[in-house]
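A short worksheet on the structure shown next.
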Protein chains: 2
Amino acid sequence: MDGLSIGQVAERTGLSVHALRFYEREGLLADAVRRESNGRRVYTEDDVDWLNMCIKFRSSGMPLDTIRKYTELVRQGAGNEADRLALLKSHQDHVRAQIEELNECLNVITWKVDIYQQHVDAGTADGLWVTPSTQTASEAS
Amino acid sequence: MDGLSIGQVAERTGLSVHALRFYEREGLLADAVRRESNGRRVYTEDDVDWLNMCIKFRSSGMPLDTIRKYTELVRQGAGNEADRLALLKSHQDHVRAQIEELNECLNVITWKVDIYQQHVDAGTADGLWVTPSTQTASEAS
DNA sequence: GCTTGACCTAGAGAGCGGTCTAGCTCCTAG
DNA sequence: CTAGGAGCTAGACCGCTCTCTAGGTCAAGC
């Protein structure tokens, strides 16, 4: 058995069958999906690999539009590797920036968690925690 | 001068005035914003601090709904610190998971970037790169 | 007095990324 | 023969997060 049904691909990729059809309509598949005589989609392992790449792109915040552009470059075939590289590098920068930003957020959140943790550990009856009307910025947030 | 106009707060936080009003309507502000006699909003430095927190929450993927819940806990005043802590910890986990996922994506992307970089560095005339119809998964993606 | 610009409210609209429905065809098992 | 389940298409709808518009107020400067 050489081809996969849409249901099988959904199972393997974690995408819903809806999403798979949606991605296809949106032009995110490198090769046109073959069809059986009855019109049903037949996916190859390469399609699954490609989809898994797309999922990585998506989950790192690449918009569908950019994935589509990349897909088109690949579809055009050899000769535009520099363009593909530029697109990938740009996304790479983007992902690095996201990680950086998340780390900053994590620091702030961790700082707050620690404050609350200390407070909760110390018990709530010590009166250290003021009422809203007299809260300072750091206590209020 | 003790109060800030909405425009000044927009400038300091990077949020648009639209977004500031929107956040207020959505109940994301810990304290009700004071108004001048003419109805204009007057923000305090604490409001700005709070908003900067919200921005950290948002940019790390906390939905407005969750920020609202946190805000409500803070508004209720002392006594629910354990709840706030739980919320913050849950988000902390979420952020860590996001960072992890992004790092995985970054690995994949970096792997592809390296492949393309080598190819582009080697020049495009060497025929190593096949046409779409014969691409394998790793070459195609 | 008039203009300009910042501000106000309520509510519509927009972009993204799906998700779901309606109404249909097919195939297979009982 | 029939029921169930998977698939098909086109297109409506959704949740989220803004963003903008319409229609107005208000204060300061020329």
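Treat the numbers as computed from the prediction; the structure is a model and nothing was measured. Letters A, B, ... mirror the listed sequences (proteins, then strands); counts begin at 1.
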ask   = Is any side-chain N of the basic residue among D93(A) and K89(A) closer than 4.0 Å to the acidic one's carboxylate O?
value = no
ask   = Is the shortest side-chain N to carboxylate O distance from E24(A) to R35(A) below 4.0 Å?
value = yes
inquiry  = Which residues pass the side chain to side chain contact (heavy atoms under 4.5 Å, CB included) test with S5(B), not counting sequence neighbours?
reply    = Q8(B)
ask   = Which residues pass the side chain to side chain contact (heavy atoms under 4.5 Å, CB included) test with T44(A), sequence neighbours left out?
value = R34(A), D46(A), D47(A)
Heavy-atom protein contacts under 4.0 Å, nucleotides 8-20 of chain C, coded B base, S sugar-phosphate only, - none = BB-B-----SBBB
Any S5(A) side-chain nitrogen or oxygen under 4.0 Å from OP1 or OP2 of dA6(D) = no
task = Consider only side-chain N and O atoms of Q98(B) and S60(B), and report whether a donor and an acceptor are under 3.5 Å apart.
result = no
note = Whole-Å distance, R68(B) CZ to dT17(D) C1', equals 12 Å
note = From CG of L4(B) across to P of dC7(C) the rounded distance in Å is 11 Å
